[in-house]
Visitor: 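Handing you this structure, nothing more for now.
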Amino acid sequence: MSIREVAVPGPAVAAPSVRRVDVFAHRGASGYRPEHTIESYRLAIELGADIIEPDLVSTRDHVLVARHENEISGTTDVADRPEFADRHATKVVDDREVTGWFTEDFSLAELRTLRARERLPQVRPGNTLYDGLYQVPTFDEIVDLARSESFRTGRMISVAPETKHPSYFASIGLELTGPLVATLQRVGWTHRQAPVAIQSFEVGNLRDLATRVRVPLVQLTSASGAPYDLAASGDRRTYADLLSPSGLREIATYATWLGPEKSQVLPRDAAGAIGAPSTLVPQAHAAGLKVVVYTVRAEPQFLPTNTDVRGELDALIAAGVDGVFADQPDLAVASAERARAELGLLTLGAGRPRDLRVG
Ligand code: G3P
Ligand code: CA
C-alpha cells in the first residue's frame, strides 16, 4: 500500500484536508488463502496491504500462535488426526460452551504437525486447494515476515495483532501480554512509532498494555453486548456505553484507534441496505481517535443488499474511516487509491519516503 490520502467529505471533523486510509489485511488475504497462514499474510503484502492482522492465542507451552479462536477444528485438520483424539474436550470460554480441540492443550511442536484448512469451504471453494499445505504460524514468525518483507519491498509492513480471549488465557495461566511484549521487545517494537497496533475486544488488557508499551492500541467494539472482562468483573458498561462521547474520550486515554463493526458506521435497514452513516466516525474523531472498521468481505452474503463490495468500501471511505479490515485487501487498496484519484487530492511523488505506521 502506498500512502492513501483522500478528501474529508465535510467540515464535521477537525482534521486536515487530506487523510490516509489504511488497509488491514484481515487474517492475511483470507479471501484467497486459508486464514492465518504465512502464505495468507505474504499474499496480502503482495496485493498491496501494508498491515497484516494475526489473531493470537496461546499454546500449552505459552507460545503465541495465529488462530482466530483457541478451538481449532474449523481451521486445521486436527479432527482427522487420531493421535490427538484424546484432546477432544468441552470448555467454557468467555461464558460460552465450546467443544473441540484447543490450542492450549497442544505444545507448539504438536501444533506444528497440523495443517491449516479453509474455514469457509462453501463460500470459498477455491481456497480449499490449499488445504493441507500450510502450518500454524507463531507470532514471532509473523513479525519476522513483516520485517523481511519491509526490507524486500521497501515498504514498511506493519502488524496488527489481536489478543483473543485475554481473560480466559490469563485464567488458565497462559496470559497473552507477557509473550506479546517479549516479541515486540525482541525486535525493538515497543515505541510509539513502531509498525504495530495491538487490538482487543476487552478493555483491561489494553489498559495494561498502555502501561508497558507505547505502540498504538485498538479498542474493538461489537454492535451488541459488553467487553467480557468488564462484565466478568461486575462492570455493567456495554459496548454501546463505550461509544458515548464520554466513553470515547475515555478510550482515547489509552488507545489510538477505535475498531467498530462496519454496521456501527454504516447501519443496515431491515432489508440489509446501507444508507446514511451514523455519527460514530465524527464523534470518534472529535475524541481524538482514528477509526478502523471490520470486516469487508467481497462475497454476496456479507455485503449490503443495495450495493457491491466497491460500493460498500466507497461508502465507508466517504463516511470518514481511517482504515478498513478486508478479507480481499487488494479490493480495499483499489478503493482507497480510487478515492484519492477521484477526489484529486494529495499524491506522493515517486521515490518519496513513505510513512506507513499504523499509529
Ligand atoms: O480485529 C478486527 C476483526 O478481526 C474483529 O473480528 O472476529 O474477525 O477477529 P474477528
Ligand atoms: Ca481479528
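All ligand and atom numbering here is 1-based and tracks the order in the structure. One is the number of the first residue; the rest follow in order along the sequence.
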Visitor: Counting each atom of ligand 1 from 1 as listed, which ones have a heavy atom of Arg27 under 4.0 Å away?
Guide: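 By the 4.0 Å cutoff, the relevant atoms are 7 (O), 8 (O), 10 (P).
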Visitor: If I apply the N/O under 3.5 Å rule, does Gln199 come out as touching ligand 1?
Guide: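 The answer is yes, given that Gln199 and ligand 1 share an N or O pair closer than 3.5 Å.
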Visitor: Once the angle between the rings of Tyr134 and Tyr130 is folded into 0 to 90°, is it parallel (under 30°), tilted (30 to 60°) or perpendicular (over 60°)?
Guide: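 Parallel, since the angle between the ring planes stays under 30°.
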Visitor: Taking atom types as modelled, find out whether Tyr32 and Asp330 have a side-chain donor-acceptor pair closer than 3.5 angstrom.
Guide: yes
Visitor: How does Asp55 reach ligand 1, if at all, at less than 4.0 Å between non-hydrogen atoms: by side chain, backbone, both, or neither?
Guide: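 The side chain, only.
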Visitor: Looking at the rings of Tyr294 and Phe24, which for Trp means the six-membered one, are their centres under 6.0 Å apart?
Guide: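 No, they do not, as the ring centres are separated by 6.0 Å or more.
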Visitor: Strictly below 4.0 Å, N to O, side chains only: are Glu250 and Arg207 in salt-bridge contact?
Guide: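 Salt bridge: yes.
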Visitor: Hey, does His26 come in under 3.5 Å of ligand 1, counting only N/O atoms on both sides?
Guide: yes
Visitor: If you measure from each heavy atom of Phe24 to ligand 1, is any distance below 4.0 Å?
Guide: no
Visitor: Using a strict threshold of under 4.0 Å (side-chain N to carboxylate O), is an ion pair present between Arg297 and Asp327?
Guide: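 Yes, Asp327 and Arg297 are salt-bridged.
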Visitor: Report, in ascending order of atom number, the atoms of ligand 1 lying under 4.0 Å from any heavy atom of Glu162.
Guide: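 Once the distances to Glu162 are compared, the set is 1 (O), 4 (O), 5 (C), 9 (O).
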Visitor: Can you tell me the angle formed at the Ca ion (ligand 2) by OD1 of Asp55 and OE1 of Glu162, to 10°?
Guide: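 Value, to the nearest 10 degrees: 80°.
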